Amino acid sequence: MNARIALLSGLLWLCSCSTKPIDEVLTDVTVETPTIVLPENSAGGEQHTTATFTTTAPWHIELSDTKAADDWVHVSPLSGEAGTVTLTIDADENRTPIERTAYIRLLTGSEERSITLTQPGDGSLPDGESIYRTGVVQDTLVVKLPAGRVYRTEVEQGNGWLDEPTLSSGDRFDSLAFVLSTNRTMEERMATVRISTATGDYTALLTIIQPSAALDITLSLPHIELPTGGISAESMTGLIDSLFVAGFDNSGQLLFTERISQPIDPTYAFRVMPPDALLRDYYPSARIYVVANSSQNLAEFEGDEQEFINRKDTAGTRVFGIDGVQPPLSGVTVRDLTFGPNQVAVNLAHVTAQITFNVVFDTTWTADRTIEQINIGGFSTWGYWFSSATESAVPPLATNFNPAVEPNADNQYRFFAYENSRPILTVRVGGRYYQGSAPDGLKRGYKYTFNMRLAASENIPTSASHQANLAPTAGSSDRIERTVLLRPI
């Protein structure tokens, strides 16, 4: 008998150990939208929204807020059984400028979840200090004030650009309108307005900040090496004798030009103001050109983008590489610009080909080999306007250059020539002139070597002259060598 009692007592003890209280059973609960932000209620009246959750246990709702949420938030239903539930949430109109928040606490089984409900203020100007940041262009700023009061306004700062505000009465709000002109100054400007009631129960200090419409541009100008196409870390100081920047909007209208004076750092910052007709907050797909070593004074340019392209890379009749004259460099980038800071990187590349003339004598030459005079000249059909062209000229244009070059000991002469130009070499030896021309088709960014061979007589067959086409083919070297005859003239 005692053994049976002991066995029964043990079974009862095991059962009591394996059974948990009902309120400790795990509950699975999911809230679809734990955060709800109501829109600004410009029309007034009650606002409505819903919230959905799923739970595996009975549930009920409690409201909490530092400002008596149950006075302005109404939830239905407040309790229910397990399943998927959609709550209907009604929020009374917020008749104050202050945003308010309520927490809908969902209690179910052993779990608790919160749904955060935020209701913005009515959009009116609160007591105390408020700051409004505006755009840069002409606009009207409208401030809402609680209706039914007598207001007085005083512009304490910004009288030079902020007109006296206009007050209009309404059913729910009074409106105070400020007319803002475009900020054509180079600096941000600020105005302050004090708004108060005659009874003294309301005082607001409104600060209006308007940024400058100027474009702040910081340039980064890496140099693309000739002819490899790689980016050089070499300082730009020794590569330029003039530097210009021009920007155009997406319709090709000129936004700005700027001349950058030497010495130049790896980055350069400047501030410019677009023309009045183009002033706005944002300039999509603007094109920024940087041009070095141009003979044109591009800082005074006033045309459109196509006119700029036609003249931007010119260097007049200068022979590049002689007496330290640098060849034109240019680059362009397309990016969005906005008022304020803009980081712009433009890779500056050569717009020319590098030419080396090796003056050699024919093997049958028997006379004195002393070179008395060298003239390097040529013609270009580059398609840009040169300093000698007129405004009415239509590309492609032709210009010639014919500077005298001092003979040197090794008879090797290196300089730069425009792409698609035809270099011409004239040599005087023994009182007689010899002349030959390199073929057309020079390509920018390439190095060419022309072995200019002085013919001993006029009877050298033309088959010994240069090949007619210099256009590099795919996969060819960027260093091209040709032999060209210099015939007596």
Side-chain angles (χ1 to χ4, degrees), residues 18-135 141-147 170-173 175 202 204 206-207 209 281-282 336 338 340:
S18 61
T19 302
K20 294 183 178 181
I22 294 177
D23 61 357
E24 293 184 9
V25 175
L26 293 178
T27 303
D28 186 14
V29 58
T30 303
V31 178
E32 289 188 4
T33 309
T35 301
I36 300 173
V37 179
L38 296 174
E40 184 175 312
N41 190 13
S42 57
E46 195 175 58
Q47 292 180 284
H48 309 279
T49 188
T50 60
T52 301
F53 65 90
T54 301
T55 180
T56 58
W59 56 272
H60 70 278
I61 295 294
E62 293 181 0
L63 296 176
S64 63
D65 182 11
T66 56
K67 297 181 180 180
D70 54 351
D71 288 345
W72 65 274
V73 178
H74 314 284
V75 180
S76 177
L78 291 175
S79 62
E81 300 298 323
T84 299
V85 181
T86 297
L87 299 177
T88 298
I89 304 171
D90 299 321
D92 293 343
E93 179 183 358
N94 187 359
R95 294 179 176 270
T96 73
I98 307 302
E99 178 184 276
R100 59 188 180 184
T101 299
Y103 302 96
I104 302 172
R105 298 173 58 219
L106 170 64
L107 305 173
T108 173
S110 59
E111 298 294 320
E112 178 179 333
R113 298 287 187 273
S114 285
I115 300 172
T116 302
L117 177 69
T118 300
Q119 185 183 43
D122 61 8
S124 62
L125 186 68
D127 276 315
E129 296 185 9
S130 297
I131 297 176
Y132 280 69
R133 295 191 67 88
T134 70
L141 173 64
V142 178
V143 177
K144 295 193 300 184
L145 302 172
D171 295 335
R172 297 181 63 238
F173 301 103
S175 298
Y202 175 89
L206 175 64
T207 299
I209 298 175
D281 294 344
Y282 181 63
D336 298 338
T338 185

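What you see is a predicted model; the values in this text were computed from it and never measured.
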Give me the atom names and distance for the closest heavy-atom approach of [X] to [Y].
X	Y	result
Tyr202	Asp127	CD1-OD1, 3.1 Å
Asp92	Asp71	OD2-O, 3.1 Å
Pro146	Ser124	CD-CB, 4.2 Å
Leu87	Pro77	CD2-O, 3.5 Å
Leu38	Gln47	CD1-OE1, 3.8 Å
Ala204	Pro126	CB-O, 3.5 Å

Could you measure the distance from the [atom1] atom of [X] to the [atom2] atom of [Y]? Nearest 0.5 Å is fine.
X	Y	atom1	atom2	answer
Tyr103	Leu63	OH	CG	13.0 Å
Glu99	Glu40	CD	CD	11.0 Å
Ser114	Ile104	OG	CD1	9.5 Å
Tyr132	Leu141	OH	CG	6.5 Å

| request: Ignoring hydrogens and angles, state whether a donor on the side chain of Thr27 or Thr56 is under 3.5 Å from an acceptor on the partner side chain. | output: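 Looking only at side-chain atoms, Thr56 and Thr27 do not form any donor-acceptor pair under 3.5 Å.
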| query | With a 4.5 Å heavy-atom cut-off, do Ser64 and Arg105 have their side chains touching? | reply |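 The answer is yes, as the side chains (C-beta and beyond) meet within the 4.5 Å cut-off.
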| said: Walk me through whether Ile36 and Ile115 qualify under side-chain contact (heavy atoms from CB on, under 4.5 Å). | reply: CA-CA 7 Å; Ile36 300 173; Ile115 300 172; 4.0 Å; yes
Main-chain N/O of [Y] paired with [X] side-chain donor or acceptor, under 3.5 Å:
X	Y	value
Gln119	Asn41	no
Lys144	Asp122	yes
Trp59	Glu81	yes
Thr108	Ala57	yes
Thr52	Thr86	no

| message | Can you tell me which residue among Thr118, Asn94, Val73, Leu117 is in a side-chain contact (heavy atoms from CB on, under 4.5 Å) with Arg100? | response |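 Only match with Arg100 under side-chain contact (heavy atoms from CB on, under 4.5 Å): Asn94.
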| query | So among Thr84, Val85, Val29, which one has a side-chain contact (heavy atoms from CB on, under 4.5 Å) with Thr54? | reply |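 That would be Thr84.
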| field | Heavy-atom neighbours of Glu129 CD exceed 12 at 6.0 Å | value |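 Atom CD in Glu129 is not crowded, with 12 or fewer foreign heavy atoms closer than 6.0 Å.
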